Undergrad: 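Take this structure, written in structure tokens, and hold onto it; I'll ask about it next.
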There are 2 protein chains.
Amino acid sequence: MDAIDLSLVDLLRGNARLSYAELARQVGLSAPAVHERVGKLESSGVVRGYRADVAPESIGLGVTALIGIVEDSGADTDDMLESLRVLPEIESCYFMAGVESFLLKARVGTIAELEQLIVRLNRTPGVASTRTAIALSTKWENRPQPVGPPAA
Amino acid sequence: MDAIDLSLVDLLRGNARLSYAELARQVGLSAPAVHERVGKLESSGVVRGYRADVAPESIGLGVTALIGIVEDSGADTDDMLESLRVLPEIESCYFMAGVESFLLKARVGTIAELEQLIVRLNRTPGVASTRTAIALSTKWENRPQPVGPPAA
DNA sequence: CACTCTCTGTGGATGCCATCGACCTGAGCC
DNA sequence: GGCTCAGGTCGATGGCATCCACAGAGAGTG
């Protein structure tokens with residue numbers, strides 16, 4: 001991970017569809033060299049994939065909610081995780097410090113669907129309680145932070 | 001947005017670097033047809049961009065925190081938003097229902113940097129108080145939810 | 001110091017892909 | 001019927017991805 005790798009990562013975070021030729025021009029290397037570097041970034045796990053950033057409301061997921069989960073004392077955290085993982089509405093899942101063991105970001109189409117999700121969560125073994133906060137609007141999301149040390 | 005558009009969106013959420021030729025094969029159209037559809041999805045705002053998914057710890061952002069913000073009564077929400085927007089550590093910003101007006105997801109390298117961020121937030125005009133929860137680990141994040149109605 | 005091995009580059013060749021333009025076809029409408 | 005438009009296909013062309021052979025820098029070693 002030298003400065004050129006960081007530039008590549010930065011460029012690809014801004015636009016994942018840049019061609020290798022374009023990346024090569026930006027960082028001052030040849031296209032094959034860039035191809036190899038990016039390949040190594042991928043196989044070493046630095047770059048986990050490439051995703052289209054889609055407006056959620058345009059694919060019927062207009063409701064965003066943040067849900068905190070308090071575990072039962074004695075609950076098996078791994079089992080709970082598996083239960084959470086199968087719920088497709090849960091877009092992100094963080095294991096937290098604090099009273100609430102998990103913080104979920106969930107995306108659904110309607111408030112009714114959110115209700116169903118919350119009911120399902122409360123029925124899940126190991127869940128003592130949930131606390132849901134609805135996002136009225138998303139000001140921004142997953143904004144890439146310019147890479148720290150060798151910026152440009 | 002017909003079924004083919006949804007398939008394209010799904011494919012690109014899974015791998016944003018798929019070629020138009022490959023997309024065309026997957027949905028059973030010609031490459032130029034796919035090119036035009038994707039172009040329309042982009043210009044209509046359904047597809048907002050393409051991002052490399054980078055492991056944050058590998059670029060020196062190993063600490064994730066969720067921060068709730070309570071506004072002063074009488075604070076100007078738009079001004080606050082502008083103050084928040086310039087802080088690069090804030091990766092996502094939701095305007096929430098509830099006592100806490102904003103919920104931020106912030107990413108920093110160290111706990112010391114997180115402390116600095118919280119201090120800055122508490123000094124920001126309009127901020128009455130903050131509440132910070134640290135993510136001990138990220139189980140998953142921004143997992144694409146398979147598109148609802150016409151799944152395969 | 002020279003030898004060698006490895007890592008990371010470059011440059012050239014080749015076949016696939018992006019992209020443009022010409023043309024086709026079916027739906028909706030006078 | 002005949003217009004028009006949206007959205008397709010096909011073919012051509014230039015650029016790009018990708019493979020290969022080879023070159024130079026640095027580290028470790030006799």
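Side chains included, hydrogens not; waters and symmetry mates left out as well; all remaining heavy atoms used. Letters A, B, ... are given to chains in the order of the sequence lines, protein chains preceding strands, and every chain is numbered from 1. Please read all numbers here as calculations on a predicted model, not as lab measurements.
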Undergrad: So for atom CD, which belongs to E115(B), do other residues, nucleotides or ligands contribute more than 12 heavy atoms lying within a distance under 6.0 Å?
TA: no
Undergrad: Return the value, rounded to whole Å, for the distance between atom CG of L29(B) and atom P of dG7(D).
TA: 12 Å
Undergrad: M1(A) CE to dC7(C) P: how many Å, rounded?
TA: 19 Å
Undergrad: Taking atom C1' of dT10(C) as reference, at what distance in whole Å does atom CD of E36(A) sit?
TA: 12 Å
Undergrad: Restricting to non-hydrogen atoms, name the atom on D72(B) and the atom on A128(B) that form the minimum distance, rounded to 0.1 Å.
TA: OD1-CB, 3.3 Å
Undergrad: Taking only N and O in the side chain of K40(B), is any of them less than 4.0 Å away from OP1 or OP2 of dA6(D)?
TA: no
Undergrad: Between N142(A) and N142(B), do the side chains contain an N or O donor and an N or O acceptor separated by less than 3.5 Å?
TA: yes
Undergrad: Where along nucleotides 14-19 of chain C does protein come under 4.0 Å, by heavy atom, of base (B) or sugar-phosphate alone (S), with - for untouched nucleotides?
TA: ---SSB
Undergrad: Once you round it to whole Å, what is the distance between C1' of dC7(C) and CG of D2(A)?
TA: 12 Å
Undergrad: Using side-chain heavy atoms (C-beta onward) and a distance below 4.5 Å, is M96(B) in contact with L66(A)?
TA: yes
Undergrad: Quick one: which residue pairs count as a ring pair (Phe, Tyr, Trp, His ring centres under 6.0 Å) with a foot in residues 99-147 of chain B, not counting sequence neighbours?
TA: F95(B)-F102(B)
Undergrad: Side-chain heavy atoms nearer than 4.5 Å, only ILVMFWY residues, links allowed to pass through others: does that put L12(A) and Y20(A) together?
TA: yes
